[in-house]
Amino acid sequence: MNVNQSAPPVPPFGQPQPVYTGYHQSSYGGQPGSTAPPTPYGAYNGPVPGYQQTPLPGVSRAPPSSEAPPASAAQAPCGQAAYGQFGQGDVQNGPSSTVQMQRFPGSQPFGSVPLAPVVSQPTVLQPYGSPPTSAQVTAQLAGMQISGAVAPALPPVGLGYALPPGTQMTGPPGPPPPMHSSQQPGYQLQPNGSFGPARGPQPNYGSPYPGAPTFGSQPGPPQPLPPKRLDPDAIPSPQLNELPPQQKTRHRIDPDAIPSPIQVIEDDRNNRGSEPFVTGVRGQVPPLVTTNFLVKDQGNASPRYIRCTSYNIPCTSDMAKQAQVPLAAVIKPLARLPPEEASPYVVDHGESGPLRCNRCKAYMCPFMQFVEGGRRFQCCFCSCINDVPPQYFQHLDHTGKRVDAYDRPELSLGSYEFLATVDYCKNNKFPSPPAFIFMIDVSYNAIRSGLVRLLCEELKSLLDFLPREGGAEESAIRVGFVTYNKVLHFYNVKSSLAQPQMMVVSDVADMFVPLLDGFLVNVSESRAVITSLLDQIPEMFADTRETETVFAPVIQAGMEALKAAECAGKLFLFHTSLPIAEAPGKLKNRDDRKLINTDKEKTLFQPQTGAYQTLAKECVAQGCCVDLFLFPNQYVDVATLSVVPQLTGGSVYKYACFQVENDQERFLSDLRRDVQKVVGFDAVMRVRTSTGIRAVDFFGAFYMSNTTDVELAGLDGDKTVTVEFKHDDRLNEESGALLQCALLYTSCAGQRRLRIHNLALNCCTQLADLYRNCETDTLINYMAKFAYRGVLNSPVKTVRDTLITQCAQILACYRKNCASPSSAGQLILPECMKLLPVYLNCVLKSDVLQPGAEVTTDDRAYVRQLVTSMDVAETNVFFYPRLLPLTKSPIESATEPPAVRASEERLSNGDIYLLENGLNLFLWVGASVQQGVVQSLFSVSSFSQITSGLSVLPVLDNPLSKKVRGLIDSLRAQRSRYMKLIVVKQEDKLEMLFKHFLVEDKSLSGGASYVDFLCHMHKEIRQLLS
Ligand SMILES: [Zn+2]
């Protein structure tokens, strides 16, 4: 059965793709049937029953990576209150002069909506236990005590109600409750990435492969922090005199009476952090991404791989339309796992390849039904009855289950891999190992900033840490080097040469690769020549006066080199300026801030030429992934330059006004992590669904040439693809809905594999079941991506309004159909979505949708493309930053301090706080902090002597200093990009930057406060209901 010949419901990777010109799958179907004895499936290593125990015996852990920690952050142009990282230069120059230090000017956006008294309603407990699911939350107007007013609300039909212990919304305002904190595991990079136990020799697959995930050392399990009360006296009371006049006249809503992200996060940690999440039950909502938990795969993919907006899907499209809850899955196919969890097992079905449904091409999975004594199986996706090939036959037990079900990953686990056969390879040829090409801008700016010298020096050691697979002693990845300004310089670094040779290509309009032999080499073989080259590059260009650069020809050259070498790979581009030199892809400065808030604003996000899309398409066809490191001193048109990285599954990093002294740590951390991370190359992803729903829309860094196949020149463990589903038929409560994500890719060692993730969801005929099984963090991830894509085609105001309307419809539908009768004045939120308003408001007022004066066009384009690939944990902290008080909890405490809400009201001027959002890291110092604390942390005697904008804390030998520095390290380890520290003093001019991240407050750019937005949302809901 050739995949390409097979019928309509197109196969997975079989579909005619531009890239894979023809997979000829060998057939197993036609083989003599009947009861052949079960073959010893050589599949995943050896003794069968053992496969569930995590690490295989004798598995060698990889050596800890050199220092792979996360890296990088956003940035802003020099002299501006930069976006992300506020590069040192930015800090020194201070915030842009156009921005005044002041409290919210102007009136409130959503002025006078009166919020009626809010009564909190009981919570419904989910069937499986602790986590509250569908309770109703209410908010209240200040002054109106809700107190124990657990209204005698009637439960939605058929639901048993129980009051969640200590639901904060219901109580009278008071000090925040005790909180616990747990440490998030920061998954460190594996220096030699293997995706788990494997086997099976394949061409280009050298070493034995002792399998087992090799993760670096990790922080231990979470330790509960002793419960601790926050000091109410330390929380400044609302400064009414600073509020706009009309707000004074209103009753102030007690912030403690509206749903608190901190409380929800803490509750989930307490309720669900201690038990492993076992995936055996269909439709289970996983713990929140902010909860540290272990996963046991018992037939459904771990939430680390797939998270859904809802785990209970409406049976009909009418219901779905009524609720307006987007049905989407955020999929991270190559997600890294904590060391306690096993990486997917690799199954080898030999020459016949993975077993699949003949009709829909779904892969064998735990949900397939074996019938007729095991001789056939019914596809769980399309219901087609398929023959079981003789070598796969096995008897069934009395329940109809195969007796070997638990011995085979593909019959018992949610996630696993298949070794692909040659039919799954381009041109029916097993792939060569991939190559990395380093392409370095050596124009004037790159040399002057010290970048070139720093980079060359770093590469000398970093090349020893290229991704390896399993127990391989050295990486199979070959490397090549190019430097460029207006012309390109290729280097021959063949091991037999005494010195590297340079070849210049000045005809950038018609790029070709001047040498094949000696361009891509093995690092250890050519080490001496490579070292010599890296020593010489900074010297060769030390006196350059060339300021102009090309860009598209550089990518073209790298791609051509990979094509000539017949391999996939990755280009690492280090680039400084707008490419204005005469060449294909030449750009002009078209930045125009006057376009903001006009109908033409969208053009700022659109690429200024179609040349880069065309180039990206060629790159994808070659499996050429592009990672771009930008070092701009001014506008470089990130929107255009990031097109190729975006469409090839690559990453973009931006270091505005790069200076070695200030930015080297951040850049090098990012670079190390990026070079070492495990990547799947030349990948195609297909998401199959059971009858009734189908994938209709996709978000992320990839390319699509048809409506179903997500093509990824490269895919790493940080990147997600968000998939939206729509109904095309009625679903069935009994059978539920199934998803299967199949990723075909080439591993770092050149092995062709298929990674399969399966997930079963429930289906419902009652809307209440939908609302009870939603995941707000995932909803926000989807909605942010949807909105950020929307700005390409619509004015940002339209995009914002669309989000608000959808959110109001979601909540109004709940109110109308699920909530118990109550006065229209009450705002009632579903328990699972009680944070939807606060989080949505953060998306609405983010820099992409509502930029402040200090945010540049490049910043916005940069953040826009970053968010596109973010997972749920990343969007969660990005939109609602973590704010950690440092001196409130005992110094001895080993865990992270409990966070407080991101609002100025929560800051005590006698304390010090860390704030992080995955890209930025601030240390805020209150003006009345004890002198001892100042001394311990900064080694100066008073607050006034602390240097504002400091980015490194002195290394001091005292408990507080160690604790704070340790915490900073731990926060950095949890994030995929290095966060540069900025010390901000209370009342200092830099404080304005910091306040930008206090997202519950009104923002300078006009973004609503949480309270105001909640009022507005309530008004919208009431209008929909009336
Ligand atoms: Zn099927």
Side-chain angles (χ1 to χ4, degrees), residues 1-16 23 25-31 33 282 299-301 306 313 329 347 349 352-372 374-389 392-394 396 400-402 405 408-416 418 420-421 423-424 684-696 706-710 723 725-732 734-744 754-761 763:
M1 71 198 79
N2 182 320
V3 183
N4 291 323
Q5 293 161 357
S6 58
V10 185
F13 307 108
Q15 214 176 31
Y23 295 142
Q25 223 193 348
S26 54
S27 80
Y28 40 78
Q31 297 187 354
R282 184 175 87 187
N300 283 291
I306 306 181
I313 302 181
V347 178
H349 283 168
S352 61
L355 187 49
R356 307 169 68 173
C357 169
N358 287 333
R359 187 201 287 165
C360 75
K361 297 293 164 188
Y363 293 83
M364 181 51 67
C365 73
F367 308 118
M368 298 287 188
Q369 282 284 331
F370 286 86
V371 295
E372 296 181 28
R375 285 187 298 277
R376 293 180 157 198
F377 70 92
Q378 180 167 27
C379 176
C380 51
F381 295 92
C382 73
S383 301
C384 174
I385 304 275
N386 296 271
D387 289 334
V388 172
Y392 198 77
F393 175 81
Q394 183 54 274
L396 308 183
K401 193 165 194 158
R402 277 173 65 119
R408 290 182 176 271
E410 77 276 18
L411 297 181
S412 54
L413 297 178
S415 300
Y416 43 87
F418 288 115
T421 60
D423 305 314
Y424 293 81
V684 187
M685 186 180 115
R686 168 70 81 88
V687 178
R688 289 189 175 71
T689 47
S690 52
T691 311
I693 51 165
R694 67 196 160 88
V696 292
N706 58 40
T707 55
T708 51
D709 294 314
V710 175
V723 184
F725 302 96
K726 286 253 157 71
H727 287 76
D728 55 9
D729 204 347
R730 197 186 162 83
L731 295 167
N732 182 315
E734 197 176 318
S735 49
L738 298 176
L739 313 180
Q740 182 177 78
C741 165
L743 178 81
L744 174 64
L754 280 149
R755 180 172 287 206
I756 313 293
H757 298 297
N758 303 291
L759 186 63
L761 302 172
C763 296

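We count ligands from 1, going down the list as the structure has it; atoms in each ligand are counted the same way.
At least one side-chain heavy atom of F367 sits under 4.5 Å from a side-chain heavy atom of N300. The closest side-chain heavy-atom distance from M368 to F381 is below 4.5 Å. Side-chain contact between R686 and T708: present, with at least one pair of heavy atoms (C-beta onward) separated by less than 4.5 Å.
Listed for the N386 side chain is a donor-acceptor partner under 3.5 Å among the backbone atoms of N358.
Distances from the Zn ion (ligand 1) under 2.8 Å pick out these protein N/O/S atoms: C357 SG, C360 SG, C379 SG, C382 SG.
Aromatic rings of H757 and Y416 (six-membered ring for Trp) have centroids beyond the 6.0 Å cut-off, not under it.
With V388 as the partner, the side-chain contact (heavy atoms from CB on, under 4.5 Å) test is satisfied by one option alone out of Q394, R402, E372: R402.
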